[in-house]
Amino acid sequence: MRLGLALGYWGRGPAPAHLELAREAERLGYNSVWTAEAWGSDAFTPLTWIAAHTSRIRLGTAVAQMAARTPTATAMHALTLDHLSGGRMMLGLGLSGPQVVEGWYGRPFPRSPLTATREYVDVVRQVLVRKGPVALAGRFHSHPYAGSDGTGTGKPLKPITHPLRADLPLLLGAEGPKNIAQTTRIADGWLPLYWSPLRTDVYEASLADLPEGFMVAPMARAQVCDDIAEGLLPVKAMLGFYIGGMGHASRNFHAELMARMGFEADARRIQELFLAGRREEAVLAVPDAFADEISLVGPRRRIAERMELWRTGPVTDLLVTAPDPHTLRVLAELNA
């Protein structure tokens with residue numbers, strides 16, 4: 001099981017510790033470092049900054065949002081950074097949800113998410129392979145554009161720049177069972193948002209036909225500390241926000257996943273509290289058991305025992321969100 005560092009996205013401003021954490025992760029032998037985006041900082045610019053200050057560690061987006069860019073624009077970002085970093089780029093993509101796609105990006109959420117994802121990946125692959133002009137008679141991502149509001153003069157094009165690698169790894173952040181199953185067929189890896197080594201049966205059917213070399217790279221908060229309850233608070237805060245606020249009351253993929261993992265009543269209660277403006281109560285309503293299952297928090301010995309559980313399943317890469325260099329070092333030592 002390889003280790004990666006998941007830095008996420010910025011809050012109110014640039015995260016001053018991110019670069020030093022990335023450098024420390026590289027020094028400790030971590031395999032990868034990952035950035036993200038929501039509706040503030042983008043994923044590619046910080047990753048480029050990190051690339052310029054490192055030399056070996058692989059660079060990934062977990063995740064870049066599909067609605068933020070056309071698939072060809074995303075492919076240009078990926079092939080450019082792959083060249084600049086000497087072939088270290090991994091492209092992680094996510095569809096996000098209706099609230100973000102329509103509220104932030106100002107475009108309709110696709111009524112057929114699986115088709116939209118499949119077409120997006122198809123176009124990105126075509127750019128990276130560069131066998132010919134990009135061409136797709138798609139429902140969501142036609143190339144050339146074929147809508148009735150177009151001019152009809154679009155020309156099929158292939159990238160001017162030759163990609164460094166046609167097989168640049170492409171991963172997807174998927175949560176629904178059908179989306180995860182499709183990910184195993186069209187992508188090189190999967191980026192689970194929540195992974196419990198105690199509930200791998202939740203994903204068993206979707207992962208039934210994993211191809212050889214397929215990456216399963218869940219993200220998990222990690223912190224070496226004596227007070228487990230205190231260490232779990234950031235995990236519960238994240239879950240309260242995602243379960244309660246990252247989606248509409250009638251459609252929240254994160255809440256639906258938590259329900260499938262056996263915490264349906266808790267997910268519903270978190271949503272009710274968060275949407276009523278009672279955010280602190282929503283965070284406290286997150287069960288400690290759920291927060292603990294999807295993270296690595298506590299004294300060194302406890303984390304060592306729990307890491308063994310993560311190694312027993314299909315996980316190939318553990319992407320940790322770690323707040324301090326000490327935690328990074330302990331995890332590296334335990335995973336050596």
For [X] and [Y], indicate whether the former's side chain and the latter's backbone hold a donor-acceptor pair under 3.5 Å.
X      : Y      : value
Thr35  : Ala43  : yes
Arg56  : Glu26  : yes
Asp317 : Leu3   : no
Thr184 : Leu207 : no

Lys/Arg N to Asp/Glu carboxylate O, [X] vs [Y], below 4.0 Å:
X      : Y      : value
Asp209 : Arg185 : no
Asp226 : Arg300 : no
Arg139 : Glu119 : no
Arg302 : Glu305 : no

When you check the side-chain N and O atoms of [X] and [Y], is any donor under 3.5 Å from an acceptor?
X      : Y      : answer
Gln65  : Tyr105 : yes
Asn179 : Glu175 : no
Arg311 : Asn335 : yes
Arg88  : Thr54  : yes
Tyr120 : Thr74  : yes
Trp310 : Thr312 : no

Measuring from atom [atom1] of [X] to atom [atom2] of [Y], what distance do you get when rounded to the nearest 0.5 angstrom?
X      : Y     : atom1 : atom2 : result
His141 : Thr70 : NE2   : OG1   : 9.0 Å
Ile57  : Leu28 : CD1   : CG    : 9.0 Å
Leu331 : Tyr30 : CG    : OH    : 4.5 Å

Consider only side-chain heavy atoms of I, L, V, M, F, W and Y, link residues closer than 4.5 Å, and tell whether [X] and [Y] are in one cluster.
X      : Y      : value
Leu172 : Met89  : yes
Leu318 : Met215 : yes
Tyr9   : Leu47  : yes
Leu273 : Leu239 : no

Q: Please say whether more than 12 non-hydrogen atoms of neighbouring residues, nucleotides or ligands are located less than 6.0 Å from CG in Asp201.
A: yes
Q.
Please list all pairs meeting ring pair (Phe, Tyr, Trp, His ring centres under 6.0 Å) that have one or both residues in residues 43-99, counting only residues at least two apart or in different chains.
A.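 Qualifying pairs, neighbours excluded: Phe44-His77, Trp49-His53.
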Shortest non-hydrogen separation from [X] to [Y] and the atoms involved:
X      : Y      : result
Gly176 : Arg260 : CA-NH2, 3.7 Å
Arg306 : Ser295 : NE-O, 4.1 Å
Pro163 : Leu128 : CG-O, 3.4 Å
Phe109 : Val101 : CD1-CG2, 3.8 Å
Thr200 : Pro197 : CG2-O, 3.8 Å

Q. Residues in salt bridge (Lys or Arg N to Asp or Glu O under 4.0 Å) with Arg69, at least two apart?
A. Glu37
Q. Can you list the residues that meet the salt bridge (Lys or Arg N to Asp or Glu O under 4.0 Å) rule with Glu24, with sequence neighbours excluded?
A. Arg27, Arg329
(Q) Between Arg107 and Glu102, is the salt bridge (charged side-chain N to carboxylate O under 4.0 Å, His left out) condition met? List the steps. (A) CA-CA 5 Å; Arg107 57 191 304 176; Glu102 297 183 3; over 6 Å; no
Q: Answer yes if the ring centres of Trp195 and Tyr203 are under 6.0 angstrom apart, and no otherwise.
A: yes
